[in-house]
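Note sheet for the following structure.
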Protein chains: 2
Amino acid sequence: MISKSCKYAIRACVFVASKVNDDVKVSMKEIANEIEAPVAFTGKILQMLNKRRIITSLKGPYGGFYCEKYQLETPILEIVNAIDGLAVFKECVMGLHQCSDQHPCPMHFEYSKTKEALMKSFSETTIGSLADKLIDGNSYLTNN
Amino acid sequence: MISKSCKYAIRACVFVASKVNDDVKVSMKEIANEIEAPVAFTGKILQMLNKRRIITSLKGPYGGFYCEKYQLETPILEIVNAIDGLAVFKECVMGLHQCSDQHPCPMHFEYSKTKEALMKSFSETTIGSLADKLIDGNSYLTNN
DNA sequence: CTTAAAAAGGATAAAATTGTCTTCTTATGT
DNA sequence: ACATAAGAAGACAATTTTATCCTTTTTAAG
Ligand code: FES
Ligand code: FES
């Protein structure tokens with residue numbers, strides 16, 4: 001569905017966002033530890049997210065990653081777009097080069113509804129709303 | 001969403017199934033050509049599908065691949081299972097090792113509904129029904 | 001029985017994704 | 001200014017997925 005990198009990215013964003021009220025920055029290491037990903041690889045992902053202004057980074061001592069208020073409103077769709085692109089929501093299930101009502105594959109009319117729904121759901125869910133669920137203790141970011 | 005191999009597999013099955021009334025066998029080459037995949041790679045995929053009895057093969061001159069009547073009832077889900085496994089329908093969107101109501105990630109309750117719906121749709125759609133849509137001319141297997 | 005056509009199987013290779021290591025840059029406190 | 005702590009960046013390595021090539025086996029027709 002979505003790539004491993006993208007899953008790391010979503011978890012990282014939600015984790016960082018969940019710290020916004022504590023007004024602390026979290027380091028690459030802390031994030032990598034939380035999301036159970038290799039540190040250096042986590043770094044790469046955080047870099048991309050920072051470039052896209054999905055999270056914010058600050059170098060130097062006492063530096064790290066954090067979310068600005070406006071960034072809490074970022075839809076999860078933007079994370080997916082930043083890491084994997086939007087192909088998963090647009091491509092044909094059967095691999096035709098174009099997915100369209102005009103030249104549909106046999107699964108198109110059944111399947112494209114689900115794709116749309118999925119994309120809508122990803123675009124309406126914000127990083128902040130997921131962080132809130134975490135904070136409320138209704139859900140988890142780590143295994144066990 | 002699903003792998004390139006799996007897309008090839010679905011298209012291959014539907015193509016083979018669409019020939020069932022003509023009572024002909026189709027060769028690896030013909031299939032590869034139709035689904036726009038490399039011949040040898042198509043061979044590997046057809047091999048797996050044959051092993052799982054999703055399609056049937058016959059070696060030798062006048063040999064090739066075909067669908068037996070009962071195979072038309074095979075759900076698309078079985079093709080996905082044969083090539084990619086069912087992980088896409090079961091795994092956590094955010095990458096937790098287990099997806100469950102007891103230990104949900106923040107996206108779980110929103111997302112797992114869609115996953116279920118998708119899996120249901122894949123399990124209720126048969127190879128034969130897709131082949132029929134092709135035959136009716138309502139849909140296409142090739143680009144352009 | 002021989003020949004030939006086709007799929008099966010195994011070994012390799014290319015490309016994409018995921019992961020690692022080292023050096024460079026920036027910010028902070030003294 | 002200096003030392004240090006952190007992310008940024010680039011080169012490289014491992015793994016997985018996709019693709020190729022060659023040989024073997026099976027089958028049908030003559
Ligand atoms: S054309 Fe295949 S899903 Fe739209
Ligand atoms: S736990 Fe993440 S989708 Fe179910």
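In what follows, every chain begins at residue 1, and chains take the letters A, B, ... in the order their sequences are listed.
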What I want to check is whether the side chains of A:T126 and A:E73 have a donor and an acceptor closer together than 3.5 Å.
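Judged by distance alone, the side chains do not pair up.
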On the six-membered ring of B:Y66, is B:K25 placed so that its NZ or CZ lies under 6.0 angstrom from the centre and within 45° of the ring axis?
yes
Please check if the side chain of [X] supplies one atom and the backbone of [Y] the other of a donor-acceptor pair under 3.5 Å.
{"X": "B:S123", "Y": "B:K120", "value": "yes"}
{"X": "B:H103", "Y": "A:N144", "value": "yes"}
{"X": "A:S121", "Y": "A:A117", "value": "no"}

For DNA chain D, which nucleotides open and close the run of contacts to chain B, 5' to 3', at under 4.0 angstrom from a non-hydrogen atom?
D:dT18 to D:dA29
Would one find a side-chain N or O of A:Y8 under 4.0 angstrom from OP1 or OP2 of C:dG19?
yes
Determine the interplanar angle of the B:F41 and B:Y8 rings, folded into 0 to 90°, and report it as parallel if under 30°, tilted if 30 to 60°, perpendicular if over 60°.
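Ring orientation, 0 to 90° scale: perpendicular.
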Measure CD1/A:I83 against P/C:dG19 and give the value in whole Å, please.
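Rounded to whole Å, this separation is 13 Å.
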Short heteroatom pairs, N/O only, protein and nucleotides 6-9 of chain C, under 3.5 Å:
| from | atom 1 | to | atom 2 | distance (Å) |
| --- | --- | --- | --- | --- |
| C:dA6 | O4' | B:G60 | O | 3.3 |
| C:dA7 | OP1 | B:M28 | N | 2.8 |
| C:dA7 | O3' | B:S57 | OG | 3.4 |
| C:dA8 | OP1 | B:N50 | ND2 | 3.2 |
| C:dA8 | OP1 | B:S57 | OG | 2.9 |
| C:dG9 | OP2 | B:Q47 | OE1 | 3.4 |

Walk me through whether B:R11 and B:E36 qualify under salt bridge (Lys or Arg N to Asp or Glu O under 4.0 Å).
CA-CA 10 Å; B:R11 278 167 82 187; B:E36 295 162 293; 2.8 Å; yes
Go through the structure and list residues passing salt bridge (charged side-chain N to carboxylate O under 4.0 Å, His left out) with A:E34, not counting sequence neighbours.
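Listed in chain order: nothing, the list is empty.
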